[in-house]
Amino acid sequence: MPLQAWLRIQREAPSLNERAAALRRAVLGCPQVRQAWYLTWQPVSRTYAQEDGGPRLPPGQGDPLAASDQELFEALTAQPCLSLEAVRQLPCWLAGRLRRAAIHHGQALALSLEEGGAGLLLLQVDENAGLEWLPWLRELLAQLVGLAGGMSRSAPLLSADPQPALLLDAHARPLEFNQALQALLGERSLAQVGELLPVNHLPLVRACLQQARAIEAVEAQDGERILIWSFIPDVAELRVLARCREATQEIREQREAARARRLYRLITENTTDLISRHTPDGVFLDATPASWTLLGYWPEELRGLAVDSLLHPQDQLQQAKQAREALEQDGYHTMSYRIRHRDGHYLWFETASRAIRETYTGAVVEVVSVSRDITARIQAEENKRRLEDELAHTTRLITLGELASGIAHEINQPLAAVVNYASASQRYLQGVGGDPVGVEKVARGLARITEHANHASVVIKRLRAFLRKGQRRMQALNLAEVAREAVRLCNWEASTAQVAVSDALPDNLPPVFADRVLLEQVLLNLLRNAIDANRERHPGAPSQVRLEAGEADGSLTIRVIDQGPGVSDEQMGKLFIPFYTSKEDGLGLGLSMSRSIVEGFGGALEALPVEGGGLCLECRLPLGRVEESEG
């Protein structure tokens with residue numbers, strides 16, 4: 001008797017959801033029907049919405065904002081019965097839902113359960129069942145709907161209603177009630193039924209009869225319970241059928257969801273970060289109001305705009321490509337880049353993006369990003385870097401002053417040789433006459449003059465390079481060559497202290513990526529510290545400083561190992577603290593600044609104890625690229 005039960009519910013005119021659920025139960029009573037869904041036409045969104053409370057169909061394919069079932073609606077208007085295979089071929093949202101649910105054998109039947117509305121009944125039948133009987137079923141259901149609309153409601157139907165219900169007269173006085181309402185009353189009498197009804201039930205009953213229309217979804221509170229009432233008029237009999245359902249959990253969930261939506265809106269509308277949605281190829285779908293504060297654009301202006309069009313020309317190709325590849329592969333990407341403000345100037349942004357994937361295929365369908373303005377941070381880092389560079393240049397000047405005597409000795413030697421060879425050549429010229437031996441001695445003297453003058457020139461050139469002031473020039477460098485240049489600068493100081501610098505650097509080291517002058521300054525500082533440590537432990541006696549290097553874990557490590565007194569555990573923890581020094585005349589900036597310089601290259605500088613005494617300063621540097629090496 002499923003159809004009779006559905007007809008009774010349809011006649012008593014409960015909510016559309018209840019009628020749709022009853023219809024679904026009725027058709028599922030047919031042996032050949034495997035599953036059924038009832039959907040109503042939504043004119044505003046131009047889509048069909050499920051109303052029956054049964055298993056939910058999956059969402060369609062593509063952009064939900066562009067969803068439309070208009071093609072299907074027009075097709076059912078022309079032909080009220082369509083096979084599901086035909087529906088799956090239509091360019092509509094419901095077709096995608098059927099394809100994703102793997103539903104293909106059955107029919108879509110145009111069927112309206114309420115006056116002035118439109119809907120359809122989806123029936124999935126057994127694979128071996130025919131479809132010829134389904135149009136007949138639709139005709140039967142359509143006739144029953146019309147029949148139910150013409151039948152009068154009566155008190156006997158009240159007793160068969162599974163939901164709490166009662167009949168009220170025009171003054172809202174109870175006439176009859178069913179067993180379900182009695183159970184809802186519990187120990188209370190019918191005279192207390194007003195405790196279950198909405199507080200304004202009398203005006204509702206009068207309005208229902210005067211306007212000859214049903215009033216639905218009226219909320220009433222019964223202690224901790226929440227009831228939802230519907231008032232259905234019987235104008236001919238001047239009475240109203242009042243039906244209710246308990247909706248405590250549903251209403252609480254709706255209220256909680258509403259609170260969550262308000263909280264989400266409050267957060268998104270007031271956060272200083274820009275939260276935005278994008279298509280996989282980087283077009284704005286939506287943005288929070290922070291877009292006006294940060295970029296000078298309202299969210300409505302950004303919709304449909306490509307992010308790439310706002311990026312700095314130097315960031316467009318590389319950053320956009322890297323972001324899309326990372327989101328496709330890992331689903332998450334963070335990047336820093338320059339973006340154009342509406343006024344034309346550029347800001348530094350840091351953006352974290354996450355990919356939203358389609359459930360079944362895994363394809364990226366949307367990207368959600370959180371962006372913040374880091375311009376002030378970038379400028380502060382740039383100012384800090386410039387301050388370090390200025391400090392490094394000052395320190396180089398101080399170092400050069402400390403090495404002045406050694407440098408003067410290195411320049412004086414070739415200059416003295418130049419003077420000697422020039423004097424000897426003059427004497428040879430005075431008595432050369434036609435003597436070929438004298439001519440040859442003059443030629444050799446001039447060659448020596450040239451050689452020593454060039455040597456002095458190289459020394460001066462090295463000093464000028466070491467004192468260079470300006471922007472960092474990051475490039476791939478030969479570490480052994482830079483280290484040996486630093487050794488040459490402190491050779492005289494080492495020889496004075498009887499310290500031999502042992503060069504154990506391989507000649508086939510891969511290049512490192514750094515600024516040549518700053519790297520040379522770091523190595524010179526480490527070497528001079530090692531020479532001082534050796535002088536302290538071995539005064540007036542020969543000692544050795546060892547230079548070693550090797551490649552490991554994607555970086556190149558160079559070690560300066562001394563034979564000094566070493567440092568205590570307490571001193572080890574303070575070595576790299578600015579202005580900490582164990583020397584009476586030291587500034588305490590050498591090691592701290594050296595570490596800052598190395599970390600600026602992306603490397604690290606650490607101090608390690610040496611067994612038997614001494615200290616090892618280990619500098620790890622990132623490997624460079626061959627194509628960036630010095631020409």
Side-chain angles (χ1 to χ4, degrees), residues 1-42 47-60 69 72-73 76 79-88 92-114 117-149 151 157 160-163 165 180 230 243 245-247 250:
M1 307 291 288
L3 284 178
Q4 292 181 358
W6 167 65
L7 181 61
R8 174 176 55 80
I9 293 174
Q10 180 70 22
R11 181 179 59 188
E12 292 300 316
S15 67
L16 177 59
N17 287 349
E18 294 170 329
R19 282 178 279 153
L23 173 60
R24 179 177 172 274
R25 291 193 296 270
V27 296
L28 284 175
C30 300
Q32 295 176 318
V33 176
R34 292 177 57 186
Q35 194 53 271
W37 299 268
Y38 184 77
L39 301 93
T40 57
W41 174 249
Q42 308 294 312
T47 58
Y48 283 99
Q50 192 171 343
E51 301 284 356
D52 54 36
R56 308 303 296 177
L57 290 167
D69 288 322
L72 176 58
F73 177 80
L76 286 173
Q79 183 179 347
C81 299
L82 287 176
S83 70
L84 296 186
E85 284 291 348
V87 174
R88 284 162 58 101
C92 64
W93 183 250
L94 185 59
R97 301 176 73 181
L98 294 178
R99 288 195 296 269
R100 291 180 61 179
I103 300 171
H104 57 84
H105 190 62
Q107 280 198 342
L109 311 176
L111 182 66
S112 174
L113 297 185
E114 57 183 358
L120 66 86
L121 178 64
L122 286 177
L123 294 178
Q124 182 185 19
V125 300
D126 291 335
E127 297 288 339
N128 56 358
L131 304 179
E132 61 278 357
W133 57 281
L134 292 176
W136 171 84
L137 175 62
R138 179 199 166 274
E139 290 294 329
L140 174 62
L141 294 175
Q143 291 177 12
L144 290 175
V145 170
L147 179 64
M151 294 178 67
L157 289 176
D161 195 337
Q163 289 188 210
S230 296
R243 304 176 74 244
R245 61 184 178 87
E246 183 172 351
E250 174 188 339

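Worth knowing before you read on, the calculation uses all heavy atoms, side chains too, and leaves out hydrogens, waters and symmetry mates.
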request  = Check step by step if side chain to side chain contact (heavy atoms under 4.5 Å, CB included) holds for Leu39 and Arg97.
outcome  = CA-CA 13 Å; Leu39 301 93; Arg97 301 176 73 181; 4.2 Å; yes
inquiry  = Walk me through whether Gln124 and His104 qualify under side chain to side chain contact (heavy atoms under 4.5 Å, CB included).
reply    = CA-CA 7 Å; Gln124 182 185 19; His104 57 84; over 6 Å; no
task = Would you sort out whether Leu123 and Leu84 count as a side chain to side chain contact (heavy atoms under 4.5 Å, CB included), showing the intermediate values?
result = CA-CA 9 Å; Leu123 294 178; Leu84 296 186; over 6 Å; no
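Listed here is the closest heavy atom pair of Cys81 and Leu109: SG-CD2, 3.7 Å. Among all heavy-atom pairs drawn from Val125 and Gly106, the shortest one is CG2-CA, 4.1 Å. Between Arg56 and Gly53 the shortest heavy-atom distance is NH1-N, 4.4 Å. Minimum interatomic distance between Pro58 and Ala101 (heavy atoms only, all atoms of both residues): CD-CB, 3.7 Å.
Considering CG of Leu131 and CG of Leu82, their distance stands at 11.5 Å, rounded to 0.5 Å. Note that CG of Asp69 is 8.5 Å distant from CG of Leu120, once rounded to the nearest 0.5 Å. The distance from atom CH2 of Trp136 to atom CG of Leu141, rounded to the nearest 0.5 Å, is 8.5 Å. Note that CD of Gln107 is 10.5 Å distant from CG of Leu121, once rounded to the nearest 0.5 Å. Interatomic distance, Cys30 SG to Leu137 CG, rounded to the nearest 0.5 Å: 6.0 Å.
The only option from Ile103, Leu94, Asp52 that meets the side-chain contact (heavy atoms from CB on, under 4.5 Å) definition with Leu122 turns out to be Leu94.
Of the possible polar contacts, none joining the Gln35 side chain to the Gly54 backbone as a donor-acceptor pair under 3.5 Å is found. Judged by distance alone, the side chain of Arg138 and the main-chain N or O of Leu111 form no donor-acceptor pair under 3.5 Å. In this structure a side-chain-to-backbone donor-acceptor pair under 3.5 Å is missing from Ser230 to Arg243. Judged by distance alone, the side chain of His105 and the main-chain N or O of Asp126 form a donor-acceptor pair under 3.5 Å. The backbone N or O of Ala22 lies less than 3.5 Å from no partner atom in the side chain of Tyr38, so there is not a single donor-acceptor pair. With hydrogens and angles ignored, the 3.5 Å screen pairs a side-chain donor or acceptor of Arg100 with a backbone N or O of Gly60. A distance-only check finds no donor-acceptor pair linking the side chain of Trp93 to the backbone of Pro59 [under 3.5 Å].
No donor-acceptor contact under 3.5 angstrom links the side chains of Glu114 and Ser112, judged on distance only.
Classification of Arg24 and Glu51 as a salt-bridged pair fails, no side-chain N sitting under 4.0 Å from a carboxylate O.
Using bins of under 30°, 30° to 60° and over 60° for the plane-to-plane angle, the ring pair Phe73/Trp41 lands in the parallel bin.
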